[in-house]
Structures are given as structure tokens and as C-alpha cells.
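In what follows, a structure is listed as C-alpha cells, so that the remarks can point back to it.
Below, chains carry the letters A, B, ... as their sequence lines are ordered, and counting in each starts from 1.
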Amino acid sequence: MASAQPPRGMRDFLPDAVRRRQYVIGVVTDVYERYGFEPLETPAVENLETLLGKYGEEGNQLIFKILKRGEHEASGQADLALRYDLTVPLARVVAQYRGQLPRFFRRYQIQPVWRADRPARGRFREFYQCDVDALGSRSMAVEAELCAAASDVLVRLGFSDFSIRLNHRQVLTGVLDAAGVSPDQHGEALVALDKLDKIGADGVRRELADRGVPTTASDGLLQFSAGIASSGAGTASASDASFDNADTLDRLSRFVGDHEAGRRGIEELRNIDALVASTSAHGRVRIDATLARGLSYYTGAIMEVAVPDLAGSLGGGGRYDNLVGMFLGEDVPACGFSLGLERIIVVMTERGMFPPGAESAPADVMVTVWNAESLGESLALARELREGGLRVEVYPEADRLGKQFRYASARGVPFVTVLGDDERAQGLVAIKDMKSGAQRAVARGDAARELKAP
RNA sequence: GUGGGUGUAGCUCAGCGGUAGAGCGCCGGACUGUGGCUCCGGAAGUCGCGGGUUCGAACCCCGUCAUCCACCCCA
């Protein structure tokens, strides 16, 4: 027999799970629409060369490649790949349809992406991302609004203990340069620095040494990060106002000195921080100089949203002013944010955050079958009820009534109708409220109305 | 990619060298026009898969696959 399991790291969603997913997607869509973003969908598959070189070395390795078909299949060569994220396809779309899109294109996209990663808690090989991106503007108002939209989604889903960490690629460059880390070691140093909140200053020192960063440089870096930690920015769970962005910015400014790109980055962070104060994300955005983020296409601000009880993040994003240029030959500024649907669902499920309605009954009414001869009569009643706007399930067989009721009860259907010999003789239909147990007979023509307003 | 745990009935698990178990669920009945509660009865497993050790393996050993946890990285 063939295995009935889905491929590793990929999942089937049974009805309850689909309803939970649809509930979350509904909230996300509603919030994104409120911010004036428009929907976009792109193919599951991209040309391989579209994706290669956009995500850094780690990313390249995690792309699911598709072998050439037909006679070329044996060569093991790939020319297509499953999309790795929704940002690169967006950049391709913007390059392709530039003239048809508005000057400030704001789009959201909720679709699956694929990564050939090793599955873990909250990490899958096929998962949905909920992306929002705004293209065409360099204004920091974009960053502020993206933080606000992500924050609104989480608040409406019932989260209260999240924070949005904010940093800047050029500030990181400035910090590393100022500490004396050579440019070719920036990547290594960032990975180590990113772990400050997990492994502490001593852990970072060891990690930097392991990665070959000279002691002089790592000392400088740690001296700086120690100051960050003491200002409260090093703690993972800061939904409270235990952080002081102005103080963090001052420390950064002193450390970076006259490094030009670094200074520009700090100004942008200051700008974002000020604008966020006017949005619903006020008080949730914490400037955190240790935030790194892996994707290589980011050029400016980077952000990430996390909750205390999940190792990874619920979402992240940033500014990528050069990505569209890789397809168009002319840069289009862009900034986006992505929420991970499965991560959100993992946490919501564990915390029991889904409202009771999110896993609602499969139907409003179940129509029972009296006997084999009256099956058509049951179908006719179901039709009448459906025309009255109800969701109706017909029990398909003339089983014992007790069995039919037990089935309805187990399925959580709130009302059951019975069309027995007596009812049919009088033009009535019996309606039973499964919760209270009360039953009454009503005129058949009134049944739908009675059921809609019980 | 690294280290560790776990795979036994539909589900949750017990058994840890000597004939395969429980609870829940499922099916039937007590209750031939009505679920939930109770009682009675029943069906159900090549003990993940392959090899090895042994008179004998669910149990010990090796491999493999799946799954979970911690790293790495990430949504």
C-alpha cells in the first residue's frame, strides 16, 4: 500500500483546521484592506533564475527546485522552482507591469510558500505568508503604517504581549564598522549579535570568537551591546514600556560617530519612531540594535514581531529599495511586512485564543429521513430550508431515528427536523432544539422562518 | 545540517525477553417516532518498516522511515 501521509513538513487541513485558518485570514484581510492595500496573487512556481541570489546563501539552498521535464529530466538540472517568499515575486510583478500600476502600489498577498527546511514546531516546508508591501515611496510613513497594520492584526486576534523590534541595515553596518569588524565578517558578526537576548554577552563573545572575529572588534561590539542590554532592549518580552527608544538612539549615535550610512540610518529610525507615535502601533515598536534578519535584499529599516512563548518570530519585514531594480534596471523603493499564518495559529491554538464561533457547526439544521419511501420528501424540505437561507445537511439513509439524532448530536448541529407520518398528514414539520431538547411542530411553510429566529 | 526522545486498536497510552492490554471512540442491544446519562454485548492491531541476536522479540542490537524537543536558521 502507498503511504497515506502527506509529504514531510506539509499538512492536510481537516474542516476544523480550515475554519480556524479562514478566521485568521479573514482578520488579516480585513485589516490590510482598511489600510488601502489591494490583493495580488502570483504563480506557485517561478523561473529558478528569478529566485536565485535574492535570499543569501542559506536561502539559495532552501529553494525547492523543479527538474526540467521530458528528455532533459535525466540531467538533474532545474529551471523552475517553488516560490520561497512573496516579496521577490512581487518585485518581478512590479517590474513587469510598472505602467499599469499606481505610482504608490500597495498590495497584500496571502498565499503559500515553500522552503526545503527541516520541519520543527511552527516551521513547515509549505506555509502561508500574509504579506503587505508598499512600493514607490521612500517615506518612513510606509514603515510606520506597516508596523501599525501588523499590530492591528495581532490586537484583533487577541494578542497583547507582542512587540515589534525595529532596526536598520545601515545602522548595523555603522555599528560593525565602528567596532572594527572587517566588512567581510559583517555577516558572521550579525548572526552572533542577533543572539544577544538568548545567550547573553558572554555567549556572544564566544560565538564571535568561534566565527573568527578578532578580539579587539568583538570587545568594541560587546561594550556597545552591553549598553543596549542595560537600557532594557535586550529582553525578549517587552510589551510593557520598559524600553527607551530615545536612549537607544543616543547610544547608537555616540557609538557610530560620523559614519555616514550609519548616521542616515539612525535618522530614519528616529523618523519612524516619531511617526509610529501617531499610529495604533504606538508603544509597541522597540528599537533594538541587535536585530539582524537573514534575507539579503533588505537595504534599510528591518522589523520583526515576536511573542515570548515562541522561539521564532510571528512575522517580519523591512525596506528593500534595490530588489525591483534587479528585474527592471531602475530602482523602485519598497518596504513590506509579512505575518506567518502558521506561527500565529500555533500560538493561538496553544493559548486557546480562538473564539467559539471559529469552529462552528457544519450546518444549522439536519433533516432526518423517515423511511426509504420518504427520502425525496426530506430532500424537498432541505431545499425549502436552504432557499430560506439556512445551511442544511440531509441525513442520507433511512436509519433508525435514534441513530440519526445521535449523529446530529455528535456533529454539533443545533436543530433537527422530523417529517413523520403524522407530520406529513397535517402539513407540519417537527423541529427539535438539540441544546434544550424542546420540540414543537410548525407549519411546513413557516419552518425556515422559525429556524432562523428560534 | 547537529544532538536527543518517541513510534503498540480510529485516538490517548500501558506492557519492556515467555499466548497483545486499558480508557475513550465506533458498532449492536436494553429503548420498534428522538441524541446527551446508565447498563449489557461486539468488532477491531504483520506492536512504523527491514535485518540481526535468541529455543522464543512489541521488548535487546543495527539500519531505515515518520514524528516531537533542543540547536542552526527562519514566517
Side-chain angles (χ1 to χ4, degrees), chain A residues 1 3-11 24 28 55-62 83-87 110-131 150 187-188 190-192 194-195 198-199 203 207 210-211 291-296 302-307 310-318 336-347 366 368-371 374 395 398-424 430-441:
Chain A
M1 246 189 326
S3 166
Q5 281 182 326
R8 171 163 219 219
M10 308 197 182
R11 293 148 311 146
V24 174
V28 172
Y55 305 110
E57 202 157 322
E58 293 261 359
N60 272 353
Q61 310 245 298
L62 297 178
R83 67 171 163 241
Y84 182 88
D85 71 355
L86 302 178
T87 307
I110 300 170
Q111 286 193 279
V113 303
W114 292 267
R115 295 185 188 176
D117 216 339
R118 180 165 172 169
R121 185 170 94 107
R123 184 166 70 196
F124 306 94
R125 300 180 107 176
E126 176 181 59
F127 61 97
Y128 272 64
Q129 292 195 318
C130 311
D131 277 38
E188 299 281 344
L190 284 178
V191 170
D194 190 42
K195 294 184 202 166
K198 283 187 213 152
I199 61 179
E207 181 106 12
D210 289 348
R211 289 171 183 272
L291 173 67
R293 287 189 66 74
L295 298 179
S296 61
I302 49 180
M303 47 263 194
E304 191 163 288
V305 49
V307 288
L310 191 77
S313 62
L314 292 183
F337 198 95
S338 176
L339 287 171
L341 180 66
E342 350 288 319
R343 294 273 168 92
I344 289 173
I345 287 172
V346 163
V347 176
M366 192 187 89
T368 59
V369 176
W370 183 248
N371 56 35
S374 69
Y395 193 90
D399 275 331
R400 247 180 52 227
L401 260 195
K403 200 168 167 184
Q404 301 190 42
F405 271 85
R406 212 177 309 130
Y407 182 78
S409 183
R411 299 265 289 148
V413 180
F415 292 95
V416 170
T417 65
V418 178
L419 265 182
D421 292 336
D422 300 344
E423 284 84 3
R424 273 179 294 161
I431 296 173
K432 177 157 181 174
D433 180 333
M434 295 299 279
K435 201 165 173 193
S436 68
Q439 179 169 325
R440 67 211 157 104

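Annotation: side chain of Asp85(A) is in contact with side chain of Arg115(A) (closest heavy-atom distance under 4.5 Å). Using a 4.5 Å heavy-atom threshold, the side chains of Phe337(A) and Val305(A) count as touching. Between Leu341(A) and Phe127(A) there is no side-chain heavy-atom pair separated by less than 4.5 Å. Asp433(A) is listed as a side-chain neighbour of Phe415(A), based on a closest heavy-atom distance under 4.5 Å. Between Val416(A) and Met434(A) there is a side-chain heavy-atom pair separated by less than 4.5 Å.
Across all strands shown, G17(B) forms no Watson-Crick or G-U wobble pair with both key distances under 3.5 Å. With a 3.5 Å ceiling on both atom-pair distances, C37(B) lacks any Watson-Crick or G-U wobble partner. Base pairing annotation: C74(B) forms no Watson-Crick or G-U wobble pair, as no partner gives both donor-acceptor distances under 3.5 Å. For C31(B), there is no paired base (Watson-Crick or G-U wobble, both distances below 3.5 Å). Applying the Watson-Crick and G-U wobble criteria (two distances, each under 3.5 Å), A44(B) pairs with nothing in any strand. Shown here, G50(B) forms a base pair with C62(B); the pair counts as Watson-Crick or G-U wobble because both key distances fall under 3.5 Å. For G23(B), the paired nucleotide is C11(B), the pair qualifying as Watson-Crick or G-U wobble because both relevant distances are below 3.5 Å. Taking a pair to require two hydrogen-bonding distances under 3.5 Å in either a Watson-Crick or a G-U wobble arrangement, G56(B) remains unpaired.
The residue among Tyr128(A) and Pro7(A) whose nearest nucleotide of RNA chain B is located toward the 5' end is Pro7(A). Of the two residues contacting RNA chain B, namely Ser436(A) and Ala410(A), the nearest-nucleotide position lying further toward the 5' end is that of Ala410(A).
Listed for the Arg343(A) side chain is a donor-acceptor partner under 3.5 Å among the backbone atoms of Ser313(A). When atom types are taken as modelled, the side chain of Glu342(A) and the backbone of Tyr128(A) share a donor-acceptor pair closer than 3.5 angstrom.
Between U12(B) and C55(B), the distance separating the two P atoms is 38 Å to the nearest Å. Taking atom C1' in both A43(B) and C24(B), the straight-line distance is 16 Å, to the nearest Å. The P atoms of G5(B) and C62(B) are separated by 11 Å, rounded to the nearest whole Å. U64(B) and C37(B) have their P atoms separated by 48 Å, with the value rounded to a whole Å. The same atom, P, is picked in G10(B) and in G48(B); the two are 13 Å apart, to the nearest Å. Annotation: U8(B) and A58(B) have their P atoms spaced 15 Å apart (nearest Å). Between the C1' atoms of G7(B) and C16(B), the separation comes to 15 Å (whole Å). If you take atom C1' in G1(B) and the same atom in C72(B), they sit 8 Å apart, rounded to whole Å.
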Side chains of residues 400-414 of chain A: which donor-acceptor pairs under 3.5 Å do they make with residues two or more places apart or in other chains?
unit_1	atom_1	unit_2	atom_2	d
Gln404(A)	OE1	Val369(A)	N	2.8
Gln404(A)	NE2	Val369(A)	O	2.8
Gln404(A)	NE2	Asp399(A)	O	2.8
Arg411(A)	NH2	Glu393(A)	OE1	3.3

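In this structure, CZ of Arg125(A) is placed 9 Å from P of U67(B), rounded to the nearest angstrom. Atom-to-atom, CG of Leu291(A) to C1' of C73(B) comes out at 14 Å; the value is rounded to the nearest Å. As a whole-Å value, the separation of Met10(A) CE from U67(B) C1' is 16 Å. One interatomic measurement links the two molecules: CE of Met434(A) to C1' of G36(B), which rounds to 8 Å at whole-angstrom precision. Separating the CZ atom of Arg118(A) from the C1' atom of C69(B) is a distance of 10 Å, rounded to the nearest angstrom. If you take CE of Met366(A) and C1' of G33(B), they are 14 Å apart, rounded to a whole angstrom. Between Lys432(A) atom NZ and G35(B) atom P the separation is 7 Å, expressed in whole Å. In this structure, CD of Glu126(A) is placed 17 Å from C1' of C74(B), rounded to the nearest angstrom.
A donor-acceptor contact under 3.5 Å is not formed by the side chain of Arg406(A) with the base of C27(B). Remark: the Glu423(A) side chain and the G33(B) base include a donor-acceptor N/O pair separated by less than 3.5 Å. The base of C74(B) lies outside donor-acceptor range of the side chain of Arg115(A), with no N or O pair under 3.5 Å. No donor-acceptor contact under 3.5 Å links the side chain of Gln404(A) to the base of U34(B).
Relative to the side chain of Arg400(A), the nucleotides G29(B), G33(B), C74(B) differ in distance, and G29(B) lies closest. Residue Ser409(A) has its side chain nearest to G36(B) when only U34(B), A75(B), G36(B) are considered. Proximity note for Trp370(A) (side chain, C-beta onward) versus G33(B), C73(B), G35(B): the nearest is G33(B).
Base engagement by Phe124(A) is indicated by at least one non-hydrogen atom pair under 4.0 Å involving a base atom. At the heavy-atom level, Leu341(A) lies nowhere under 4.0 Å from the strands shown. As judged by a 4.0 angstrom heavy-atom cut-off over every strand, Gly437(A) is placed among the base-contacting residues. Among the protein residues, Asp422(A) comes within range of the nucleic acid bases, having at least one heavy atom under 4.0 Å from a base atom.
The phosphate of G28(B) (OP1 or OP2) has a side-chain N or O of Lys403(A) nearer than 4.0 angstrom. Between Arg123(A) and A75(B), a side-chain N or O to OP1/OP2 separation shorter than 4.0 Å is absent.
Aromatic stacking is marked for Phe127(A) over A75(B), as both cut-offs hold: 5.5 Å for the centres and 30° for the planes.
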